[in-house]
Number of protein chains: 2
Amino acid sequence: MGFEEMWRDLAPVGRSAASGGYFRQPWASAESELRAWFAQECAARGLTVETDGIGNQVAWWSPDSATGKGVLTGSHLDSVLDGGAYDGPLGVVSALAAVDTMRGRGFEPSRPIGIGVFVEEEGSRFGRACLGSRLVTGATTWDEARELRDRDGVFLADAVEVAGLDPSTGLLSLEHVGTFVELHVEQGRDLFDRDVAVGLASEIWPHGRWRFDFAGQANHAGTTRMEDRRDPMLTYAMTALAANKQARLAGQRATFGRISVEPNGTNAVPSLVTAWLDARASSDDALAEMVDAVGRQAQDRAGRDGTALTVTAESVSGSVAFDPDLAARLAGLGDWPVIATQAGHDAGILADAGIPTAMVFVRNPTGVSHSPDEHAETADCLTGVEALADVLEELAR
Amino acid sequence: MGFEEMWRDLAPVGRSAASGGYFRQPWASAESELRAWFAQECAARGLTVETDGIGNQVAWWSPDSATGKGVLTGSHLDSVLDGGAYDGPLGVVSALAAVDTMRGRGFEPSRPIGIGVFVEEEGSRFGRACLGSRLVTGATTWDEARELRDRDGVFLADAVEVAGLDPSTGLLSLEHVGTFVELHVEQGRDLFDRDVAVGLASEIWPHGRWRFDFAGQANHAGTTRMEDRRDPMLTYAMTALAANKQARLAGQRATFGRISVEPNGTNAVPSLVTAWLDARASSDDALAEMVDAVGRQAQDRAGRDGTALTVTAESVSGSVAFDPDLAARLAGLGDWPVIATQAGHDAGILADAGIPTAMVFVRNPTGVSHSPDEHAETADCLTGVEALADVLEELAR
C-alpha cells in the first residue's frame, strides 16, 4: 500500500469522535491495533518484525547485497492525550513508503535498512518521555522503570504484562545499528517561514518535567474568611503566570498543562494542588536558571499564602546536538535547512547513546502539534518520503 | 445507644485511610450503609423510618399525646469529597440523642417530632447543593434533576435506580411539618470568639456556583512559541487570583476549588480549562457585583490570551432570613447568640418554602470545615444535644 492508503488505514485508530484527536496510549487497545498494523505492513513487504519484551518493534530489509552495521529509521505510534495524527506515525508510515520508493528505483542497499517503532515516546501514560528508547539504550533501567505508575496507579510492569508482553525476553539490540534517522512532522513553523517542505535537525533544546506539589488546608469555601485560608490554588495560579512570564521574557518555553487537585470539590478550599511544569530552553544553564526562578517565585508566594511547596524533577534531558557532519552531508542532498527543535525525540536518546543520528522534518503549515489540529499537507508528506529515501540511499549505498 | 456510641459507630463509614477524611457520596456504598444505620437507630427507639423514592428519610415520634402539625429536626449524612465527620451527621446523631434526652426527662410531646435525613446536601456528586430538600419542596423538579450527570457521566435517574430506589413511588411530604430545626456544626469561629458552645442562625448569605469554561488551542508545550499560544490555563490562573482579591477586598467569599483540564497532559498546552467559582456575599447585590467583576476581569484577560470564556450559573441561592421571631424565642431558652452563616443548608431550602425554620449551631474550635480537620469537642456536642432537646420541647410542648 502507498503512503496515502496507509494513512487512511491509520486514521480511525484511537481517534476520539468528540474532539477528532487521538488517544493512542501505550499498552492499551489502540496501540495493540497499531502494533498489529505495523507487523502486517512489514509482512506485505516481505519483512519480518521482531517485537521486544516491552513492545518496541523493528523490521530489517536486509537483502544479500547488505552487510555490516545497518541504517535504522522509524519513529513511534503512540500519541499524547487528544493528540494529532502526525506526531510519530508520519515517521513510521514514511519509512515504509520510503522502502517502496527505494525498491521502485531499483536501489540495492549495501547495508541493512531497518524500520523501528519505539513505545511510550510521549510519556503520556507513565510520565517518562521516550521510555522505549531509553530502556533500549540503557538510559533508564527496567528495574527503575517497572515501578513507574500511570494515573490509575497501575505499575508499568503490570501494564506491559496485561498487553501480553514479557520484559524477561529481552529488549531490542542496537548493536547492529550504525546510523539512526527519524522523520518527524515539524512542531513549529520554521520550515513554513522558510518556504521549504523538508529540513534537517541541528539540535534538541534541553528540557524537562518538574512536579510542583502545593499543600494547603482543606476548608469550607463559604464560611472560611479569605484571611484565614491556606489555599494552594492561589499559589499554583501565581506560579503558572510566573512561569509564562519568565519564559516569555527569556525567549524560552514554560507550560503548566497538567494539574490534579484534592479534593477538587466546588465548595472546598483545596488541600493539595499538584501541577507539572514542562520547561525547555536553548541551553542547559538557561533551563536551570528559568526553573530556579519559577521555583523561587512560587516559594515566595507559598510563604504569603501559608502553603507549602515541594518541587521534584521528574525527568530532565540535557541538550542534544545531532552529528553536525552527518547533518551537513545529508542537507546537501536537497539543499535543506538545518534547524533546532524544542521537542524531545527518540532520535535524541539514540544520539545521546553515541549512535550517529539525524532527523528529517516535514513542514507544518500552522506549527500546531500535540493537538487535534496538527496537520501537514499530503504533498509535503510525499516530498518527505522522497527525501527520506534519498537519505537512506545515501547512508546505505 | 448514646451520642458517643453512635458517633463511634459512624466513624469508619466512608473514611479514607489515607487522609482521614470522608467520602460519603450519595447513592453509593457508604451512603447505603449510613441509611441502613439510621433505620436501625430509629427502630431501636421504636420509630419507623419512611424512605422516599430518592432516598430522603424520616421517622416520626408520635405518641398518643401528639396531634397537629409536627416539629421536624435532622440534617444530612452525605459529605463533600474528603470532608469532615461533623458537617451533617452531627445534626442527625444529635436529633436521635435529643429524643433519648426528652424521653429521659419524661417529656410528653403534644405535637409529633420527626427526624429527617436529606440526600445530596453537599452537591458533591451531581453539583446541585441541597438536592434532596430542593426536590421535596419543589424548588427543583424531578424532570429537571433526572438529567443531571455526575463526573463519570452517570445520570441522576440511573444512579438513584442503581441504589435500589424508585422516584415514581413519590417524595417525602412536608404537609404535616409545622416547624423545622436543623442542628449543625458551625463552619466558622463566631461561637469560639464569643466563648459559647451553642448559637442560633439569623440568616444564610446568598451564594452560588458558576462554571467558567476557558477555551484555547491545544498545542505542543515545547515547540510553540509563547507568543503563538492561546493558553486557557493562563486566563484561568489570572481569574482565580482576581476572584480571591475581589472577595478579600469586599469582605465576601470567592473560591476556585474544582478544575478540569483537557487534555491535561504535561507536554500539551490545554485546549480547555473548566473551573467552578463558589461565591458568597452578605447581600444579593454584593454577590452579583462580585461575580460580575470577576467575569469582567476574566473576559479582559481572555481577550489578551486569545482564549474564549463562557460563564454559566449552575445554581444561585438568594439570601435566606430565618424566622426572626422564632430565633428570638428559641435564643431566650439558653441566652444563645443569633449569628449569620455563609453556608447553604437544607434549613434554608425549607425556610424558602415557607416553613418556619431555625438552626442550632455547635461551636467549632478552629472554624475548619469541609476538611478532614473539621472538629467539635464532645462536651460541646453534648451541650448541643441538650439545647436541641430544649428547643424541641419548647416547640412541641
Side-chain angles (χ1 to χ4, degrees), chain A residues 19 21 80-83 122-124 127 129 187-188 205 207 209 217-228 231 233-234 236-238 240-241 244 247-248 253 255-259 261-271 276 278 280 341-344 367-373, chain B residues 19 21 80-83 122-124 127 129 187-188 205 207 209 217-228 231 233-234 236-238 240-241 244 247-248 253 255-259 261-271 276 278 280 341-344 367-373:
Chain A
S19 69
V80 296
L81 301 172
D82 210 17
E122 299 290 3
S124 67
Q187 297 174 289
W205 278 20
H207 57 277
R209 299 171 177 204
Q217 183 180 41
N219 220 326
H220 193 292
T223 56
T224 320
R225 288 177 300 190
M226 305 311 285
E227 54 271 34
D228 290 344
D231 185 349
M233 188 67 92
L234 303 177
Y236 163 69
M238 181 276 176
L241 294 173
N244 182 270
R248 202 152 25 82
R253 312 274 191 271
T255 311
F256 278 99
R258 180 179 171 199
I259 184 172
V261 177
E262 295 295 332
N264 209 28
T266 305
N267 54 359
V269 175
S271 54
W276 283 261
D278 179 301
R280 323 215 179 191
T341 177
Q342 292 76 32
V368 171
S369 184
H370 285 193
S371 161
D373 298 337
Chain B
S19 70
V80 297
L81 302 172
D82 211 17
E122 299 290 2
S124 67
Q187 297 174 291
W205 277 19
H207 58 278
R209 298 170 179 206
Q217 182 180 42
N219 220 326
H220 193 292
T223 56
T224 319
R225 288 178 301 190
M226 304 312 285
E227 54 271 32
D228 292 342
D231 184 350
M233 189 68 91
L234 303 177
Y236 163 69
M238 180 275 176
L241 294 173
N244 182 270
R248 203 154 23 83
R253 313 274 191 272
T255 310
F256 278 100
R258 180 179 171 199
I259 184 172
V261 177
E262 296 294 332
N264 209 28
T266 306
N267 55 358
V269 175
S271 54
W276 283 261
D278 179 299
R280 325 218 178 189
T341 176
Q342 292 76 33
V368 170
S369 184
H370 285 192
S371 162
D373 297 337

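Order of the sequence lines fixes the chain letters, A, B, ..., with proteins taken first and strands second; residue numbering starts at 1 for each chain.
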Hey, could you give me the OH/CG distance between B/Tyr236 and B/Asp231, rounded to the nearest 0.5 Å? 13.5 Å
Out of B/Val80, B/Asn244, B/Asp82, B/Val261, return the one with the most heavy atom pairs under 4.5 angstrom to chain A. B/Asn244
For the candidates A/Arg225, A/Gln217, A/His207, A/Glu262, which exhibits the highest count of non-hydrogen atom pairs separated by less than 4.5 Å from chain B? A/Arg225
OG1 (B/Thr255) and CH2 (B/Trp276) are apart, to the nearest 0.5 Å, by 15.0 Å
Of the backbone (N, CA, C, O) and the side chain (C-beta and beyond), which part of A/Asn219 lies under 4.5 Å from a heavy atom of chain B, both, or neither? both
Counting heavy-atom pairs under 4.5 Å with chain B, which one of A/Asp228, A/Asp373, A/Asn264 comes out on top? A/Asn264
Return the option, out of B/Ala247, B/Ala218, B/Pro263, B/Ser369, with the maximum number of heavy-atom pairs under 4.5 Å with chain A. B/Ser369
Without hydrogens or angle criteria, can the side chains of B/Gln187 and A/Thr223 be said to hold a donor-acceptor pair below 3.5 Å? no
Answer with side chain, backbone, both or neither: which region of A/Arg280 has an atom nearer than 4.5 Å to a non-hydrogen atom of chain B? side chain
Top contributor to chain A contacts, counting heavy-atom pairs under 4.5 Å, from B/Ser19, B/Gly21, B/Gly222, B/Gly127: B/Gly222
What pair of heavy atoms forms the shortest contact from A/Asp278 to B/Thr266, and how long is it? CB-O, 3.3 Å
Counting heavy-atom pairs closer than 4.5 Å to chain A, which one of B/Ala129, B/Gly188, B/Gly265 comes out on top? B/Gly265
Report which part of A/Met233 has an atom under 4.5 Å of a heavy atom belonging to chain B: side chain, backbone, both, or neither. side chain
d(A/Met226 CE, B/Arg253 CZ) to nearest 0.5 Å is 8.0 Å
Most chain B-contacting option - heavy-atom pairs closer than 4.5 Å, from A/Asn267, A/Val368, A/Thr224: A/Asn267
By side-chain hydrogen bond (donor to acceptor under 3.5 Å, both in side chains), which residues pair with A/Ser124, not counting sequence neighbours? A/Gln25
Do A/His220 and B/Gln342 have side-chain atoms, one donor and one acceptor, less than 3.5 Å apart? no
From the list A/Ala343, A/Gly367, A/Ala240, the residue making the most non-hydrogen contacts under 4.5 Å with chain B is A/Ala343
